[in-house]
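What follows is one structure encoded as structure tokens, with my remarks underneath.
Each chain gets a letter, A, B and so on, in the order its sequence line appears, and its residues count up from 1. For the numbers below, each heavy atom of this structure counts, side chains included, while hydrogens, waters and symmetry mates do not.
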Amino acid sequence: MPKAQELADPDSPGSAADRLLAWYDRSRRRLPWRSDPGECADPYHVWLSEIMLQQTTVATVGPYFQRFLEKWPTVEALAAAPLDDVLHAWAGLGYYARARNLHKCARTVASSHNGVFPDTEDALLTLPGIGRYTAAAVAAIAFGRRAVVVDGNVERVMARLFRVGEPLPDSKPALTALADKCTPTARAGDYAQAVMDVGATICTPKRPKCTICPIVDLCAGRDIAETLPARKPKPQKPTRRGVAFWIVRPDGAVLFRRRTESGLLGGMMEPPSSDWVADAEPETAPPVETIDQTPLVGTVRHTFTHFHLELAIHHCRVEGDTEAPQDARWVMPDRFGDLALPTVMKKIVRHAMKAG
DNA sequence: AAGACGGGGTT
DNA sequence: AACCCAGTCTT
């Protein structure tokens with residue numbers, strides 16, 4: 001494995017950074033949040049896109065990014081929005097703490113920084129939802145500062161380029177150190193995007209396209225690229241079961257409730273359901289008094305980060321004067337679109353509407 | 001240091 | 001259907 005200290009100066013011609021930048025200039029992908037060559041990127045756009053891109057693919061983020069910018073063209077506009085509107089616009093993107101922190105961050109920037117994003121990594125790092133990766137990415141891409149930007153793409157490129165056999169996450173510090181050695185001072189933002197683009201389009205997790213890689217001749221791991229980076233085995237997911245209640249009033253309104261602010265799907269809307277339990281039979285009592293209760297055929301399945309969920313759906317009818325419990329409300333079907341429904345809850349709605 | 005936290009893509 | 005991917009916050 002090439003020693004980091006033997007690497008070419010990243011600011012010198014022929015270095016890996018130099019060649020990645022040349023490749024980037026030739027093949028630059030046009031993305032909604034990316035500035036034109038030579039133009040300055042808007043920090044608000046860079047920040048918004050980077051938060052959305054955490055754990056999420058470019059293709060998924062595209063339409064969400066456009067809609068957010070149409071609704072909230074500036075960070076002040078986003079700060080002025082009600083949290084529920086932001087959660088509604090975020091619905092389907094997942095990791096809803098990102099949306100809550102996005103909103104909190106916008107409010108902090110608007111109220112404590114005069115609506116201007118701080119331009120240093122350290123200052124960015126203090127903001128809600130901005131961690132090491134995002135602070136470095138925004139500092140580099142929006143402000144042109146040299147910063148060591150390390151996401152999953154960069155980890156993979158470094159692990160292969162330097163043939164790092166140690167599995168993640170133990171190898172993370174070593175990969176970060178290697179990324180540091182490769183990072184140039186000039187064109188920091190373009191370089192960060194160049195490495196991440198190579199990782200996303202050429203140095204892919206499966207079937208890497210080494211034949212068209214701009215730095216394949218420098219790559220110590222090219223013969224075993226697909227096996228890198230190694231990862232520690234992950235524990236398998238348990239299955240939890242529950243019952244979701246599709247509770248319908250005579251006028252057609254359906255009962256929805258808002259989940260608690262923190263935790264899984266925090267702040268999002270849902271049809272009421274039992275607790276989701278791993279090693280017991282779920283409760284089948286609905287949260288209101290009902291006229292009748294019929295289990296629907298089939299189940300709704302959904303997989304979260306750390307467990308599988310299997311939900312039975314019970315169709316319930318109630319009297320016309322039934323009051324909605326605390327945190328719940330009656331919603332007519334033509335207003336379902338107004339609700340901040342995460343994907344699993346949309347599956348429940350589809351299942352209940354199809355059956356009922 | 002370890003676990004919580006979605007959803008989409010690939011095989 | 002099973003597996004893969006992966007930043008930030010909390011505990």
Side-chain angles (χ1 to χ4, degrees), chain A residues 46-64 87 90-105 108 121 124-139 147-159 167-173 175-176 179 192 196 199-201 203-209 226-240 259-270 276 278 299-311 340-348:
Chain A
V46 174
W47 164 74
L48 178 61
S49 65
E50 290 299 343
I51 300 293
M52 288 182 167
L53 286 164
Q54 291 166 10
Q55 322 287 309
T56 310
T57 59
V58 164
T60 302
V61 165
Y64 282 88
L87 288 174
W90 194 275
L93 266 184
Y95 284 112
Y96 297 94
R98 286 187 297 169
R100 300 192 296 272
N101 283 329
L102 181 86
H103 189 243
K104 202 182 298 178
C105 182
T108 304
E121 243 184 298
L124 287 161
L125 211 38
T126 68
L127 293 169
I130 297 188
R132 297 223 321 245
Y133 162 74
T134 306
V138 173
V148 183
V149 180
V150 183
D151 73 343
N153 291 303
V154 177
E155 287 175 355
R156 190 168 56 253
V157 172
M158 293 301 138
L168 281 166
D170 294 357
S171 57
K172 169 105 181 163
L175 296 174
T176 301
M196 292 191 283
T201 63
C203 197
T204 47
K206 302 290 176 197
R207 299 162 159 276
K209 303 170 181 63
E226 192 158 346
T227 71
L228 296 174
R231 289 177 197 279
K232 286 198 158 168
K234 35 208 101 177
Q236 66 158 31
K237 300 173 200 243
T239 296
R240 297 186 196 171
R259 294 177 64 87
T260 54
E261 198 65 43
S262 63
L264 186 71
L265 308 175
M268 305 297 286
M269 298 297 290
E270 65 176 3
W276 304 342
T299 58
V300 167
R301 292 167 194 280
H302 191 77
T303 298
F304 293 97
T305 312
H306 54 293
F307 65 94
H308 302 289
L309 178 63
E310 191 178 315
L311 287 175
L341 291 175
T343 298
V344 61
M345 304 308 167
K346 285 183 175 160
K347 288 184 188 175
I348 294 173

Residue A:Lys234, side-chain atoms from C-beta onward, closest of C:dT8, C:dC5, B:dG6:
C:dC5

Could you state the atom-to-atom distance from NE2 of A:His103 to P of C:dT8 in whole Å?
20 Å

Enter the distance from A:Leu124:CG to A:Trp47:CH2 here, rounded to the nearest 0.5 Å.
11.0 Å

So which atom in A:Cys203 and which in A:Arg156 form the shortest heavy-atom distance, rounded to 0.1 Å?
O-NE, 2.7 Å

Can you tell me how far P of B:dC5 sits from CZ of A:Arg259, to the nearest Å?
9 Å

Starting the side chain at C-beta, find the nucleotide from B:dG8, C:dC9, B:dG6 nearest to A:Asn101.
C:dC9

Name the closest nucleotide to the A:Thr134 side chain, picking from C:dT8, B:dT11, B:dG6.
C:dT8

Between C:dC9 and B:dG8 - C1' atom distance, rounded Å
23 Å

Check every strand shown and say whether A:Arg156 touches a base, only sugar-phosphate, or nothing at a heavy-atom separation below 4.0 Å.
sugar-phosphate

Minimum-distance nucleotide to A:Thr60 side chain [options: C:dC5, B:dG8, B:dG6]:
B:dG8

Sticking with atom P, work out how far B:dG9 lies from C:dT8, rounded to a whole angstrom.
22 Å

Check every strand shown and say whether A:Leu265 touches a base, only sugar-phosphate, or nothing at a heavy-atom separation below 4.0 Å.
sugar-phosphate

Figure out the CG/P separation between A:Asn153 and C:dA6, and round it to whole Å.
6 Å

Using whole Å, what does the distance between atom C1' of nucleotide B:dG3 and atom NZ of A:Lys237 come to?
13 Å

Taking C:dC3 as the reference, what is the distance to B:dG6 when you measure between their P atoms (whole Å, please)?
22 Å

Can you tell which of B:dG7, C:dC5, B:dC5 lies closest to the side chain of A:Pro205?
C:dC5

All salt bridge (Lys or Arg N to Asp or Glu O under 4.0 Å) counterparts of A:Arg259, not counting sequence neighbours
A:Glu270

P atoms of C:dC5 and B:dC5, separation to the nearest Å:
22 Å

What do you reckon, are the aromatic ring centroids of A:His302 and A:Phe304 less than 6.0 Å apart?
yes

Roughly, in whole Å, what's the span from CD in A:Glu270 to C1' in B:dG6?
15 Å

What is the separation between atom CG on A:Leu102 and atom P on C:dG7, rounded to the nearest whole Å?
17 Å

A:Lys347 atom NZ is separated from B:dG7 atom P, nearest whole Å, by 8 Å

Which part of the nucleic acid does A:Ile130 contact within heavy-atom distance under 4.0 Å: base, sugar-phosphate only, or nothing?
sugar-phosphate

Within the pair A:Gln55 and B:dG6, is there a side-chain N or O less than 4.0 Å away from OP1 or OP2?
no

Touch class at under 4.0 angstrom, heavy-atom based, for A:Tyr95 against every strand present:
base

side-chain N/O A:His306 vs B:dG3 OP1/OP2, d < 4.0 Å
no

No-hydrogen, no-angle side-chain donor-acceptor test under 3.5 Å, A:Tyr133 and A:Gln54
no

Check this one for me: any side-chain N or O of A:Tyr96 less than 4.0 Å away from OP1 or OP2 of B:dG7?
yes

A:Gly92 or A:Lys206, whichever maps to the more 5' nucleotide of DNA chain B
A:Gly92

Is there side-chain contact between A:Leu93 and A:Met52, with at least one heavy-atom pair below 4.5 Å?
yes

Can you tell me if A:His302 touches the phosphate of B:dG6, counting only side-chain N or O atoms and a distance under 4.0 Å to OP1 or OP2?
no

Can you check whether A:Arg100 has a side-chain N or O nearer than 4.0 Å to OP1 or OP2 of C:dC9?
no

Could you state the CZ-P distance from A:Arg207 to B:dT11, rounded to the nearest angstrom?
6 Å

Please state whether the phosphate of C:dC9, meaning OP1 or OP2, lies under 4.0 angstrom from any side-chain nitrogen or oxygen of A:Arg98.
no

Please determine if a side-chain N or O atom of A:Thr57 lies less than 4.0 Å away from the OP1 or OP2 oxygen of B:dG9.
no

Any side-chain heavy-atom pair from A:Trp90 and A:Ile51 closer than 4.5 angstrom?
yes

